[in-house]
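Following: one structure in structure tokens, then a few remarks.
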2 protein chains.
Amino acid sequence: MKATIYDIAKEAGVSIATVSHVINGKGKISKERREEIRGIMARMGYKPSMIASALTSKKTYALGLLVPDISNPFFAEIARAVEDEGQRHGYSVFICSTDNQDEKVERYAALLQQKKVDGVIIGTGMKDPSALEPLLHDNVPIALLARELPSVNVPTVIVDDYAGGAAAAEHLIALGHRRLAVLAEQESISSSRERVRGFRQAAEAAGVTLDPALVRSSGMKDSKDRALELLQGENRPTAVFCCNDMLAIGALRAAKQAGLCIPQDCSIVGFDDTVLASVTDLTTIAQPIERLGQTAVQLLLRHIGQPGERSERIVLPPVLVMRQSSSALS
Amino acid sequence: MKATIYDIAKEAGVSIATVSHVINGKGKISKERREEIRGIMARMGYKPSMIASALTSKKTYALGLLVPDISNPFFAEIARAVEDEGQRHGYSVFICSTDNQDEKVERYAALLQQKKVDGVIIGTGMKDPSALEPLLHDNVPIALLARELPSVNVPTVIVDDYAGGAAAAEHLIALGHRRLAVLAEQESISSSRERVRGFRQAAEAAGVTLDPALVRSSGMKDSKDRALELLQGENRPTAVFCCNDMLAIGALRAAKQAGLCIPQDCSIVGFDDTVLASVTDLTTIAQPIERLGQTAVQLLLRHIGQPGERSERIVLPPVLVMRQSSSALS
DNA sequence: CTGAAAGCGCTTACAG
DNA sequence: CTGAAAGCGCTTACAG
């Protein structure tokens with residue numbers, strides 16, 4: 001059957017402690033012995049069981065990644081960055097899609113605790129932070145990615161959503177737009193609220209007040225319908241700021257259905273800069289997705305290393321990416 | 001500190017064996033005792049360590065998922081389906097992006113073996129199947145998803161790539177197109193070869209022969225350039241079949257750059273039907289992505305359950321999805 | 001219906 | 001430089 005540390009020890013005529021030492025590069029082992037044991041391990045195709053070592057060493061080298069939906073391109077790109085950065089440090093990652101449902105968050109939280117992951121990156125929203133209770137209860141290290149949770153003091157990496165919203169407003173106003181609409185995510189998502197707030201403030205700073213009738217919230221599914229309402233009303237906007245690329249694509253399709261040409265009849269700006277934006281030639285506020293993922297892993301691992309430390313909070317700047325969906329007011 | 005099975009046993013005044021039995025619903029425990037122990041576990045927030053139980057029971061309830069790139073929408077959607085179906089059966093999944101590099105395949109294969117996952121779904125290509133050696137060596141159950149590996153006898157789920165290619169050809173020919181081009185993936189990818197083969201055969205069956213100069217292979221990055229070569233040559237095609245949606249989007253952008261209108265000047269058909277296709281209004285051959293993921297998990301779990309059994313091979317039918325990127329020859 | 005004991009495959013003081 | 005032994009937190013025959 002599969003070789004164990006005992007098989008190697010017997011084959012080498014040493015104790016399992018010695019084999020363990022050469023595996024982990026600990027203790028002082030004579031060079032010849034080390035080489036010999038290494039050779040035997042290689043020859044027998046032996047790799048130590050991480051389950052057994054985790055039981056004693058309390059390290060599983062596994063992380064959990066909670067996101068709303070791994071099939072959403074934004075989170076898929078985040079996941080890739082997290083995977084790569086984790087891998088670089090020897091960690092594997094479990095994917096956990098929550099659909100933003102507290103019940104799923106809690107189920108995964110309990111599961112990850114039972115699996116004894118070394119840490120969890122939380123990139124999902126939730127109504128009630130107590131869904132994380134199973135993690136908190138056992139002091140499982142966590143880090144927040146693109147989310148804020150004011151109630152808990154944990155390492156966090158976000159982009160400056162407020163500045164991103166403001167950048168969108170400034171871009172559209174510079175293009176001459178004055179009648180601005182906003183397609184936001186659900187009210188409960190703080191990043192979306194911040195984007196809208198930044199957009200509104202920057203608009204007002206330029207002397208433009210948002211018409212409350214032109215500010216709507218929308219889920220992923222009904223974005224096209226919500227956008228249609230905006231675009232078909234009388235006195236329709238000349239520009240729409242959407243709080244993520246998916247919503248912006250809903251707006252693009254609504255515009256098409258309403259017979260409007262983009263950008264001539266209406267400018268549209270998204271947020272995130274996922275592959276969806278590049279593929280649809282959407283002007284958007286880019287999040288540094290790769291750095292978000294990398295930074296979250298780094299913060300988490302640092303936190304695992306020194307649990308006492310005060311939690312860091314890193315804010316990354318968003319960047320306007322101009323493409324074909326926005327243009328000067330005609 | 002964190003409660004263990006000993007704490008629960010002591011609190012309840014019973015042996016750990018009894019606690020273990022109520023956890024696993026095994027043995028005969030008096031109803032009152034069971035209820036009492038359940039209560040104590042709940043009160044102390046106790047959940048058994050899956051690491052410890054894995055060491056004895058040999059079940060980690062973890063699966064590995066090997067894909068080329070989790071940030072590619074096709075595989076992100078696959079991952080979601082695998083995650084959900086796994087979750088339904090109590091399994092968590094590790095994401096493993098290989099970039100189609102044998103070296104990464106092998107590294108992940110070794111890692112997953114060390115982590116003692118209960119099985120691995122392989123949805124990535126590789127030049128040399130021996131990259132899977134670490135898995136094969138320890139008899140880790142595997143299942144193939146949207147890939148074939150003739151050398152090993154393992155459960156497999158694929159879509160009928162040949163039929164999909166043929167469907168694309170029939171669609172274009174029915175629209176009156178005769179001068180057909182193909183943008184394929186690298187030659188080494190069997191699914192791509194099959195799609196091209198099906199396309200070619202169906203075309204020939206309709207009396208249309210492919211011009212070798214109009215059949216090109218391309219990576220993800222240079223798809224636009226490859227498509228431009230096709231579209232800018234003299235005697236350009238009136239329709240292009242692309243072996244996946246990403247390539248088709250490259251073609252879409254190439255067409256735009258070349259000043260061609262889609263679909264009036266050139267029809268384009270993709271493959272996969274990821275979110276990218278719906279978002280760009282691309283006519284495409286749809287793979288049943290969700291069913292692919294579900295089926296792979298089911299085959300794998302069945303294989304885990306009865307290792308002796310002969311491996312199943314399930315072929316799912318693709319479906320033509322007509323959108324705005326193809327139309328009758330004008 | 002319940003418990004004592006061995007064992008899963010490692011790591012880690014500790015002793016020599 | 002190397003080994004004996006305890007322990008990590010469970011499960012599983014086996015005995016009663």
Side-chain angles (χ1 to χ4, degrees), chain A residues 1-38 40-41 44-62 90 110-111 113-118 138 140, chain B residues 1-38 40-41 44-62 90 110-111 113-118 138 140:
Chain A
M1 278 316 321
K2 306 167 192 180
T4 70
I5 197 171
Y6 292 96
D7 301 316
I8 305 299
K10 181 180 295 177
E11 185 74 16
V14 299
S15 74
I16 59 165
T18 300
V19 178
S20 177
H21 283 148
V22 354
I23 291 170
N24 299 294
K26 289 193 176 171
K28 306 268 131 210
I29 311 285
S30 71
K31 189 158 177 167
E32 310 88 71
R33 252 205 194 337
R34 190 201 327 281
E35 288 316 319
E36 186 197 350
I37 293 174
R38 285 245 172 82
I40 292 173
M41 296 196 296
M44 299 181 67
Y46 168 77
K47 297 274 185 180
S49 160
M50 294 184 75
I51 293 296
S53 74
L55 189 57
T56 21
S57 71
K58 305 300 168 198
K59 293 275 301 173
T60 55
Y61 290 97
L111 192 62
Q113 181 268 314
Q114 286 196 67
K115 297 233 173 194
K116 303 298 172 196
V117 296
D118 294 333
D138 272 22
V140 180
Chain B
M1 276 317 321
K2 305 168 194 181
T4 72
I5 197 170
Y6 291 97
D7 301 316
I8 305 298
K10 183 179 296 176
E11 185 72 15
V14 299
S15 74
I16 61 165
T18 301
V19 178
S20 177
H21 282 146
V22 354
I23 291 170
N24 299 297
K26 290 195 176 169
K28 307 268 131 212
I29 310 285
S30 70
K31 191 163 175 163
E32 311 90 69
R33 251 205 195 338
R34 191 203 323 282
E35 289 315 319
E36 186 197 350
I37 293 174
R38 285 244 172 83
I40 292 173
M41 294 197 295
M44 299 181 68
Y46 169 77
K47 298 273 185 179
S49 159
M50 294 185 74
I51 293 297
S53 74
L55 189 56
T56 20
S57 73
K58 304 299 168 203
K59 294 274 301 174
T60 55
Y61 290 97
L111 193 61
Q113 181 268 315
Q114 286 196 66
K115 297 233 173 196
K116 304 299 174 194
V117 297
D118 295 333
D138 271 23
V140 180

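Here is how names work: the chains are called A, B, and so on, in the same order as the sequence lines, proteins then strands, and each is numbered from 1. If you're wondering where the values come from, they're calculated on a predicted model, not measured in any experiment.
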Roughly, in whole Å, what's the span from [atom1] in [X] to [atom2] in [N]?
| X | N | atom1 | atom2 | value |
| --- | --- | --- | --- | --- |
| B:K10 | C:dA4 | NZ | P | 14 Å |
| A:K59 | C:dC10 | NZ | C1' | 16 Å |
| B:Y6 | D:dC10 | OH | P | 8 Å |
| B:I23 | D:dC10 | CD1 | P | 7 Å |
| A:D7 | C:dG9 | CG | C1' | 11 Å |
| A:M50 | C:dG9 | CE | C1' | 14 Å |
| A:I5 | C:dC8 | CD1 | P | 14 Å |
| B:Q113 | C:dG9 | CD | P | 12 Å |

Under 4.0 Å from OP1 or OP2 of [N]: is there any side-chain N or O of [X] that close?
| X | N | answer |
| --- | --- | --- |
| B:T56 | D:dT12 | no |
| B:S15 | C:dG3 | yes |
| B:S20 | D:dT11 | yes |
| A:K58 | D:dG9 | yes |
| A:Y46 | C:dC10 | yes |
| B:R33 | C:dC1 | no |

Any donor-acceptor pair under 3.5 Å linking the side chain of B:K115 with the backbone of A:T60?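 Side chain of B:K115 to backbone of A:T60, a donor-acceptor pair under 3.5 Å: yes, one is there.
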I'd like to know if the side chain of B:K59 and the backbone of B:S53 have a donor-acceptor N/O pair within less than 3.5 Å.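 Answer holds: no.
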Which residue lies toward the 5' end of DNA chain D, A:I16 or B:L55, if each is placed at its nearest nucleotide?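 The 5'-side residue here is A:I16.
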On DNA chain D, compare the nucleotides closest to B:A17 and B:A52; which residue's is nearer the 5' end?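 First, find each residue's nearest nucleotide; the 5'-ward one identifies B:A52.
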So which of A:I37, A:I40, A:V19 actually passes side-chain contact (heavy atoms from CB on, under 4.5 Å) with A:E11?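 The passing option is A:I40.
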Close side-chain approach of A:K47 to B:L111, heavy-atom, < 4.5 Å: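 When only atoms from C-beta onward are counted, B:L111 and A:K47 do not touch, as no gap falls below 4.5 Å.
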With both distances kept under 3.5 Å, what pairs with D:dA13, Watson-Crick or G-U wobble?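 The answer is none; no pair meets the criterion.
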Under 3.5 Å on both distances, the Watson-Crick or G-U partner of D:dA4: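 Across all strands, not a single nucleotide pairs with D:dA4.
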What's the separation between atom CD1 in A:I5 and atom CE in A:M41, rounded to the nearest 0.5 Å?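 These two atoms lie 8.5 Å from each other.
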